[in-house]
Amino acid sequence: MKIYRDDRKEKISAVICNKCGKRLLVANGTVMEGVCSVEADWGYFSGKDGEHHSFDLCEACYDEVVKSFQIPADVQECVELI
């Protein structure tokens, strides 16, 4: 769960893992450790039609959730651009 300093949601003041409650390190509005942010808009044919869900997971909780998948997540190397 992201907590913002401003109404326009531009400056993050805190990120808390929705699963375990861990408060992640944030410095000057930047998250300084691994976080998985999920956004889902539910549509027709779901029991959540018209709802928007969002949550954040720390890296340990992400690893725990992914281990339960029947089909592994697709993982690709990312190249950082300078």
Check residues 31-46 and write down every donor-acceptor pair under 3.5 Å in which the side-chain atom is one partner and the other belongs to a residue at least two apart or another chain.
{"residue": "Glu33", "atom": "OE1", "partner": "Lys22", "partner atom": "NZ", "Å": "2.9"}
{"residue": "Glu33", "atom": "OE2", "partner": "Leu25", "partner atom": "N", "Å": "2.7"}
{"residue": "Ser37", "atom": "OG", "partner": "Lys2", "partner atom": "NZ", "Å": "2.6"}
{"residue": "Ser37", "atom": "OG", "partner": "Asp56", "partner atom": "OD1", "Å": "2.5"}
{"residue": "Glu39", "atom": "OE1", "partner": "His52", "partner atom": "NE2", "Å": "2.6"}
{"residue": "Asp41", "atom": "OD1", "partner": "His52", "partner atom": "ND1", "Å": "2.4"}
{"residue": "Ser46", "atom": "OG", "partner": "Gly43", "partner atom": "O", "Å": "2.9"}
{"residue": "Ser46", "atom": "OG", "partner": "Lys48", "partner atom": "N", "Å": "3.2"}
{"residue": "Ser46", "atom": "OG", "partner": "Asp49", "partner atom": "N", "Å": "3.3"}

Side-chain donor-acceptor pairs under 3.5 Å in residues 57-70, sequence neighbours left out?
{"residue": "Glu64", "atom": "OE2", "partner": "Lys19", "partner atom": "NZ", "Å": "2.8"}
{"residue": "Ser68", "atom": "OG", "partner": "Val65", "partner atom": "O", "Å": "2.6"}

Connected-component partners of Ile3 among ILVMFWY, side-chain separation under 4.5 Å |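 Taking Ile, Leu, Val, Met, Phe, Trp and Tyr as members, Ile3 shares its hydrophobic cluster with Met1, Ile16.
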
